[in-house]
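Residue indices begin at 1 and follow the sequence shown. Note that the coordinates shown come from a computational prediction; the quantities given were computed from them, not determined experimentally. Side-chain atoms are counted along with the backbone in the values below, which use heavy atoms only and exclude waters and symmetry mates.
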Amino acid sequence: MTDHGSQPTPPDKPARNLDAYRAHYAERTAGMTASEIRALFAVASRPEVVSLAGGMPNLAALPLDSLAAEVARLVAEDGQVALQYGSAHGVPELREQICDVMALEGISAHPDDVMVTAGSQMALDMVTRIFCDPGDVILAEGPSYVGALGSFAAYQAEVVHVAMDDDGLDPAALRQAIADVTAQGKRIKFLYTIPNFHNPGGITLAVPRRSEVLEICAEHGILVVEDNPYGLLGFDGKALPALRSMDADNVVYLGSFSKTFASGLRVGWVLAPHAIREKLVLTAESATLCPPTLNQMIVSRYLSTHDWQGQIKIFQEQYRERRDAMLSALEQYMPPGCTWTRPDGGFFVWLTVPEGVDTKAMLPRAVTQRVAYVSGTGFYRGGFGSRQMRLSFCYPTPERIREGVRRLANTLTEEMELVRTFGSVPQRSVPGPQAPSPDTA
């Protein structure tokens with residue numbers, strides 16, 4: 001009797017290649033992977049979902065009316081300059097103002113050693129490009145900024161993570177990492193560090209440790225790349241001394257106006273020793289010719305016509321209120337076995353969940369419960385971070401933060417019950433860092 005409900009099994013066919021150019025790409029593209037959670041965040045952007053994921057600054061406090069009038073004046077008065085090509089080095093007036101900004105962190109710099117970039121991400125990419133050959137080693141905190149890991153992977157550099165504790169990068173772990181890499185016969189090109197209000201860790205490198213870290217790197221001939229987008233957003237209102245202020249010869253400093261003014265303008269900068277700066281200018285010319293002149297002049301006008309330091313204080317107060325709301329809600333709602341960092345500034349809290357819970361596997365269920373976060377796996381090279389997640393408090397209101405944490409705690413409690421009943425999910429290997437996006441910036 002014939003079973004009309006069954007279908008014959010087709011012969012095996014070779015997998016269809018959906019990318020006709022696959023064989024033509026450079027080897028370094030193998031390290032470029034799209035975010036596996038991007039589709040989820042398309043859902044997470046819906047208004048009913050509380051997103052504790054994105055690192056977007058809260059721009060509601062900016063004086064938009066006066067800014068609009070200033071931009072109109074700029075175009076009317078200086079449009080032929082603002083809308084024209086510029087120098088790869090950056091607008092001279094803005095470079096002078098950037099030196100004033102960095103002076104708040106103890107940095108003494110000359111405008112000639114400042115180069116304006118399209119956000120500090122561009123600077124990070126260029127630094128990696130001019131220093132790293134395939135197989136070179138970059139030391140970076142574990143966890144580390146996903147955008148940095150993406151740039152490192154794009155240039156086929158190997159990342160070795162260095163452990164942190166509550167006081168930031170551990171000098172003993174740094175020494176051990178250097179010894180291990182050296183014993184393998186590999187070259188360390190630089191230490192990449194976010195010393196202030198770390199993304200994603202939310203912790204700060206203790207001031208006494210800063211000189212020790214610099215001494216270790218100088219001793220071994222290792223350049224330090226200091227990424228400091230959050231340095232002026234400390235909640236006590238006091239700026240910490242930048243690593244660059246302690247060692248002008250061995251530190252490349254990356255700064256940005258994305259967190260203290262407007263991320264959409266994409267204006268950042270790099271302060272580097274003269275020889276390095278020259279290589280960066282040539283690199284920028286080959287990549288973009290020049291950063292957007294209009295955007296630079298908008299930032300410059302803002303700095304010269306507005307109380308930008310007063311505006312930063314407003315941001316500090318807003319983010320402190322949101323940080324407090326998140327920490328309070330975590331204390332109130334999170335189940336036993338969870339731990340988290342207590343940031344003194346910046347945007348992020350790093351949450352560790354009980355053994356057996358995979359935050360990446362849990363994310364779709366969290367989004368179903370109308371709350372989103374970023375799994376910790378995206379912030380490591382090599383598949384770590386499955387028990388961690390990054391929570392952002394910079395954008396939602398305090399009320400939304402509390403509701404989001406409540407929903408997250410409910411999801412986590414249900415997940416823990418599933419683990420107790422059925423066992424944990426085996427940890428999955430992650431092939432490499434994911435491409436950055438506004439959800440992970």
Side-chain angles (χ1 to χ4, degrees), residues 51-58 120 140-149 161-170 173 192-207 209-210 213 226-240 243 256 258-260 315-331 333-334 338-353 359 371-380 384-396 398 401-402 404-405 408-409 412 436 439-441:
S51 178
L52 304 177
M56 298 179 296
N58 188 347
S120 60
E141 293 133 337
S144 192
Y145 169 50
V146 65
L149 298 181
H161 287 297
V162 181
M164 295 188 290
D165 57 24
D166 290 341
D167 290 323
L169 185 71
D170 182 354
Y192 170 73
T193 178
I194 308 172
N196 298 324
F197 323 125
H198 187 271
N199 177 7
I203 57 181
T204 296
L205 181 61
V207 173
R209 281 191 180 181
R210 298 186 178 216
V213 167
E226 177 182 16
D227 195 359
N228 191 32
Y230 310 99
L232 296 181
L233 294 176
F235 298 146
D236 63 0
K238 299 177 182 177
L240 295 165
L243 298 178
S256 176
S258 291
K259 308 302 188 291
T260 56
F315 284 139
Q316 291 170 344
E317 293 167 1
Q318 287 186 338
Y319 296 141
R320 181 175 59 242
E321 180 185 21
R322 286 163 165 75
R323 186 277 314 264
D324 291 345
M326 177 165 282
L327 294 181
S328 175
L330 289 170
E331 291 282 359
Y333 294 118
M334 278 294 147
C338 295
T339 60
W340 51 87
T341 56
R342 300 175 181 275
D344 295 321
F347 287 2
F348 307 112
V349 168
W350 187 244
L351 174 68
T352 300
V353 300
T359 60
V371 63
Y373 58 85
V374 182
S375 169
T377 54
F379 301 99
Y380 285 94
F384 301 104
S386 62
R387 285 183 55 205
Q388 282 77 39
M389 65 177 74
R390 191 192 73 178
L391 302 179
S392 172
F393 53 79
C394 53
Y395 191 75
I401 289 171
R402 282 188 280 269
V405 171
L408 177 60
L412 180 55
D439 303 307
T440 51

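Side chain of Ser392 to main chain of Gly54: a donor-acceptor pair is present (N/O by atom type, distance under 3.5 Å, no hydrogens or angles). Side-chain N or O atoms of Arg323 include none that pairs as donor or acceptor with a backbone N or O of Phe393 at under 3.5 Å.
In this structure, the separation between CG on Asn196 and CG on Leu233 is 10.0 Å, given to the nearest 0.5 Å. How far CZ of Arg322 is from CD of Glu317: 12.0 Å, rounded to the nearest 0.5 Å. Atom CG in Leu205 sits 12.0 Å away from atom CD1 in Ile194 (nearest 0.5 Å). The line from OH of Tyr373 to CG of Leu408 is 7.0 Å long, rounded to the nearest 0.5 Å.
Ring-plane geometry between Phe384 and Tyr380 is classed as perpendicular, the angle between the planes exceeding 60 degrees on a 0 to 90 degree scale with a lower cut at 30.
Heavy atoms only, all atoms of each residue included: Asp227 and Pro195 are closest at O-CD, 3.7 Å. Minimum heavy-atom separation, Leu232 to Ala239: CD2-CB, 4.2 Å. In this structure, Met164 and Pro143 approach most closely via the heavy-atom pair CE-CD, 3.7 Å. Across all their heavy atoms, Pro200 and Arg390 have their closest contact at CB-CD, 3.4 Å. Closest approach of Gln316 to Phe235, counting heavy atoms only: O-CD2, 3.7 Å. Of all heavy-atom pairs between Asp170 and Arg209, the closest is CA-NH1, 3.7 Å.
Sparse packing is recorded around CG of Asp166, with 12 or fewer heavy atoms of other residues, nucleotides or ligands lying under 6.0 Å away. Within a 6.0 Å radius of OH in Tyr395, no more than 12 heavy atoms belonging to other residues, nucleotides or ligands are found.
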Go through the steps to decide whether His161 and Ser144 satisfy the test side-chain contact (heavy atoms from CB on, under 4.5 Å), and finish with yes or no.
CA-CA 8 Å; His161 287 297; Ser144 192; 4.2 Å; yes
Run the side-chain donor-acceptor check on residues 339-351: report pairs under 3.5 Å with partners two or more places apart or on a different chain.
{"from": "Thr341", "atom 1": "OG1", "to": "Gly201", "atom 2": "O", "distance (Å)": "3.0"}
{"from": "Thr341", "atom 1": "OG1", "to": "Trp350", "atom 2": "N", "distance (Å)": "3.0"}
{"from": "Arg342", "atom 1": "NH2", "to": "Glu331", "atom 2": "OE2", "distance (Å)": "2.5"}

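One side chain, Thr193 or Glu141, offers a donor N or O that lies under 3.5 Å from an acceptor on the other.
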